Structure formats: C-alpha cells, structure tokens
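Below is one structure, written out as structure tokens; the observations come after it.
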Amino acid sequence: AIPLQYGAQYSGKRTDDAMNKWRSNRFGQFIHWGLYAIPGGVWNGKTYNYAAEFLKASANVPSATWDSLMYQFNPVKFDAKQWAKMAKKMGVKYMTITTKHHEGFCLWPSKYTDFSVAGSPYKKDILKQLVEAYNAEGIDVNFYYSVLDWHHPDWRNDIKSPQDSVAFKRYLDFAYNQLKELATNYPTVKAFWFDGTWDNSVKKNGKWTYEVEKMLKEVSPGVIVNSRLRADDYGKRHKDSNGQLMGDYESGYERRLPDPVTDTAVTRWDWEACMTIPENQWGYHKDWTVSHVKSPLELLEMLVHTTSMGGNFLLNFGPTGNGDFRKEELDIATVIGNWMGKYGDAIWNCDYAGMKKEDWGYYTKKKNSNQLNMVVFNWPSSGLLKVRTPRGMVLDKASFVDAKGNALKVEEIADNQYLIQVPVKLYTSPQVIQVDFHQGATNGKYQKAKT
Ligand SMILES: COc1ccc([C@@H]2N[C@@H](C)[C@@H](O)[C@H]2O)cc1
C-alpha cells in the first residue's frame with residue numbers, strides 16, 4: 001500500500017449508533033434553496049434550460065448583479081413547520097439542506113460573511129427554523145456545504161502562483177471557520193454533505209479536507225461526512241490512492257443509480273444516491289417543460305432500487321423564491337407518502353438481501369430479521385414470480401403485506417429455485433410480498449434430475 005497521511009481513516013462500514021441510524025433512515029429529502037430560486041432559470045426574459053442553480057454562469061451574470069439578488073430575498077411564504085409536516089407525510093427520515101451553494105449565499109447569519117440571510121430583507125436564520133421544525137417531526141437534518149464559492153474573492157479554481165496560494169489559504173480558513181460555526185451552532189445536525197470539491201485547488205489541499213473531517217468529528221462526535229469532501233495526499237478523490245473509500249459513505253451517485261446486476265460491489269460500503277425530479281434541476285426553475293419530469297412511480301422505483309442495494313435515496317425539492325413548493329413536487333410527496341404509509345416497512349431499516357436481481361422487481365431485507373420483502377413492479381403474465389435463493393436459504397411462506405392471511409403458493413422447483421404464484425390481474429401500484437424463510441438444507445422434495 002502507498003503510505004498516506006490524508007487518505008482513508010478506516011475501512012469497512014461504521015457500526016456506531018449514529019451511522020446505524022443514518023443507514024436505517026434510507027429515504028431523505030434534499031432541499032436546494034438560495035438566491036437562484038428568485039430568477040428560477042429565467043434572466044432578462046430569456047429561459048435557460050441548464051440547471052437553474054447555475055443560472056449565474058449560464059446567463060453570464062456579473063457577480064455584483066447576481067449578488068444584489070440578496071436584497072430581493074424575502075420568502076414571505078416560508079413556513080418551516082409546514083415543510084417539515086410535508087416531509088413527514090412523504091415518509092422521509094432525514095433532510096439535507098443547502099446551507100451555502102456555489103453562489104456563496106448563506107442561509108444562516110454567518111459571522112464570517114455579510115452575504116447571508118442577515119443582509120437580506122428576510123433577516124432571520126433559515127437553518128435554525130428548519131433544524132427545529134424537522135427535528136420536532138423526528139426527522140434528522142444534514143447540512144449540504146459547497147466548498148466552491150463564486151462570491152468569495154479568495155476562491156481559486158487552481159493554484160497557479162504564490163498569490164493564488166496566499167489567497168486560497170485565506171479561503172480555506174474562511175470555509176473551515178464556517179463549517180466549525182455550523183457544527184457548533186446546530187449541534188443536532190447529523191451529517192455534512194460536501195459538494196464543489198472537484199477543482200484542482202481543492203485536490204491540491206487534501207490535508208485541508210482531512211482536517212475538516214477531523215474537526216467536524218471533534219466538534220460533533222458521531223457526525224457523518226460524505227466521500228465527496230475528501231482528497232488524499234495525491235489529490236485522489238472519494239477513494240484514496242490505495243482504493244480505500246474516504247469519508248463515511250460513498251456519494252458519487254448523482255442523478256444515476258448503480259446497476260442491480262453489475263454494480264453489486266456497492267453493497268460492501270455505505271452509499272447514497274441523490275436525484276432530481278426533472279432531468280437536471282436542483283434549484284427552482286420556472287419552466288419544467290424544458291425536460292422530462294419523473295413521475296411519482298418512477299421515483300418510487302428508484303427509492304426501492306436504492307434500498308435493495310443497501311443505499312440511501314435523497315430526493316431533491318427546489319422551493320420557490322417565496323418559500324413554497326410547486327404543484328408537481330407536492331403531488332410527488334403525496335403519492336410517495338401514501339405508498340410509504342402502507343409499505344414503508346420494506347424501506348426503513350432495510351438493506352441488501354444478498355439475492356440475485358429478478359425481472360419482477362427488488363428484494364429488501366429487514367435488518368436482523370428473517371423477513372424478506374419482494375417489491376413487485378413488473379407483473380409476469382404467467383403469475384409466477386421467480387426466486388433464486390443463496391445456498392442454505394429455504395423459503396417457508398409468502399403473502400402480500402396487506403393480505404397477510406392469504407398465503408401464496410410457494411413451489412420449490414429446483415435447488416434454491418422457487419416460484420411464487422400471484423393472481424394475474426392489473427395492479428395499479430407496486431405491491432410488497434413478505435416472505436418468511438429459514439437457514440437450512442433444501443427440502444429436496446422436487447424430482448431430482450434422472451442421473
Ligand atoms: C456538472 O457539474 C456539476 C456541478 C455541480 C453540481 C451540483 N451537485 C448537485 C448535488 C447540485 O448541488 C448541483 O448544483 C452538479 C453538476
């Protein structure tokens with residue numbers, strides 16, 4: 001192995017209470033909210049199709065002009081309690097909020113900059129209201145923090161001169177102080193979600209990323225940081241020069257999911273996928289006709305897919321500049337919430353079942369139980385659901401979660417191969433079949449092939 005000072009600090013999954021809770025949460029609400037929500041992808045009457053939180057770049061808006069949006073930030077409809085109630089009904093167990101996105105505007109009154117809510121007509125601390133309201137609903141809150149900062153004069157994309165080094169050192173001190181301020185002033189925050197760390201300037205400062213992780217864990221014991229924060233001694237990101245995952249979970253899946261057949265390696269570590277409802281909009285965009293908008297059932301399948309591979313699913317919402325949510329997002333929250341209300345037990349505190357992916361859908365397995373869940377999206381015209389079990393796993397009985405009394409026919413047709421029979425009918429939403437199993441030798445009651 002290559003000797004490293006700033007590489008991975010440990011290997012394997014963390015098994016402490018804080019990480020077990022993070023893992024059991026499974027479903028989270030991402031919220032992107034900042035000055036970009038005011039123009040919402042439209043500048044001087046022109047609609048820009050690219051991600052709305054990048055409008056400053058897409059429309060080549062001068063910094064002074066963009067930054068003056070601070071004087072328009074006054075979300076009169078913002079109601080943290082209402083947001084938290086919507087999240088609770090949707091069935092999320094955690095929420096990740098952008099404390100500061102690439103534009104540099106801070107949703108809390110940081111003492112290290114004037115470019116925050118304190119300088120806006122709104123004035124109040126948005127993070128404080130959200131943390132209190134969501135925690136009151138029993139939902140954990142995590143903080144997203146962009147290291148990339150378009151506003152700060154000392155930010156550099158690369159270090160090309162001694163002057164760059166001096167300036168960027170000032171920037172890294174600023175960011176370090178802001179992060180310490182966040183961890184200190186909002187002690188119930190459970191995790192930090194770092195973004196904007198792909199530039200050479202950050203890759204050349206692996207030590208700083210190591211020191212940030214260390215500081216956060218000293219200030220807030222048990223706190224969790226994503227792999228995206230980290231660069232090692234040689235600028236390697238997410239995984240260090242020895243291929244070891246840095247941070248506490250892998251955060252490379254952005255608007256994409258690992259393949260359930262070819263990417264099962266991800267089940268060996270903790271990971272989280274974050275997902276937009278449109279193709280590529282994190283901040284509020286006035287015109288969602290610019291791309292495909294995922295339906296509730298598309299997103300629900302992604303949540304189940306992610307859980308089936310031992311990952312967390314972070315679904316993004318982009319509130320308007322006034323502090324309310326668009327209809328499409330409210331509808332998605334309602335439909336997913338209704339499903340979670342009935343079948344959330346197949347998501348929360350569930351993990352990878354260690355079984356081969358089948359065409360009809362996904363398996364999840366309740367932690368420390370003999371409860372296997374089959375979440376069925378694709379109904380076979382035969383009415384026969386194929387199940388291949390690992391050696392030593394024997395299926396006993398199966399029934400629909402909302403028809404526990406009606407046992408389904410479970411037929412062992414060959415070594416570790418079963419068929420579960422379901423009525424052939426139109427199912428209008430994904431169903432969950434609960435299967436009881438035990439470890440043991442197969443019953444061998446099927447006809448052995450004639451030798
Ligand atoms: C292609 O470059 C980028 C850069 C930043 C992003 C940011 N990461 C997401 C989690 C959002 O915050 C998006 O703005 C996305 C794509």
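Source: prediction; values computed, not measured. Just so you know, ligand 1 is whichever comes first in the structure, and atom 1 is the first atom listed for that ligand.
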Nearest non-hydrogen protein atom, [atom]:
{"atom": "atom 16 (C) of ligand 1", "result": "Glu254 OE2, 3.8 Å"}
{"atom": "atom 4 (C) of ligand 1", "result": "Trp198 CH2, 3.3 Å"}
{"atom": "atom 14 (O) of ligand 1", "result": "Glu53 OE2, 2.8 Å"}
{"atom": "atom 11 (C) of ligand 1", "result": "His32 NE2, 3.4 Å"}
{"atom": "atom 7 (C) of ligand 1", "result": "Asp195 OD2, 3.2 Å"}

Taking only heavy atoms of [X] into account, list the atoms of ligand 1 that are under 4.0 Å away from them.
{"X": "His102", "answer": "5 (C), 7 (C)"}
{"X": "Tyr144", "answer": "12 (O)"}
{"X": "His101", "answer": "11 (C), 12 (O), 13 (C), 14 (O)"}

Side chain Lys190, main chain Ile224, donor-acceptor under 3.5 Å: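 Flag not set: sc Lys190 to bb Ile224 has no pair under 3.5 Å.
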
I'd like to know if the side chain of Arg14 and the backbone of Gly222 have a donor-acceptor N/O pair within less than 3.5 Å. yes

First locate atom SG of Cys274, then atom CG of Asn226, and finally report the distance between them rounded to the nearest 0.5 Å. 9.5 Å

Say whether Trp193, considering both its backbone and side-chain N or O atoms, lies within less than 3.5 Å of an N or O atom on ligand 1.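 Looking only at distances, the answer is no, because the N/O contact criterion of under 3.5 Å is not met.
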
Do any N/O atoms on Trp282 end up under 3.5 angstrom from N/O atoms on ligand 1? no

Who passes side chain to side chain donor-acceptor pair (under 3.5 Å) against Glu279, sequence neighbours left out?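 Side chain to side chain donor-acceptor pair (under 3.5 Å) list for Glu279, sorted by chain: empty.
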
Between Phe377 and Tyr362, is the ring centre distance below 6.0 Å?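 Yes, close enough.
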
Under 4.0 Å between a Lys/Arg side-chain N and an Asp/Glu carboxylate O for Asp158 and Lys204?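 Lys204 and Asp158: salt-bridged.
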
Could you tell me whether Asp359 atom CG has more than 12 heavy atoms of other residues or ligands within 6.0 Å of it? no

Is the number of heavy atoms from other residues, nucleotides or ligands within 6.0 Å of CG (Asp114) greater than 12? no

Quick one: which of Tyr36, Tyr50, Phe30, Phe54 has a heavy atom closest to atom 1 (C) of ligand 1?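 Considering heavy atoms of Tyr36, Tyr50, Phe30, Phe54, the nearest to atom 1 (C) of ligand 1 sits in Tyr50.
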
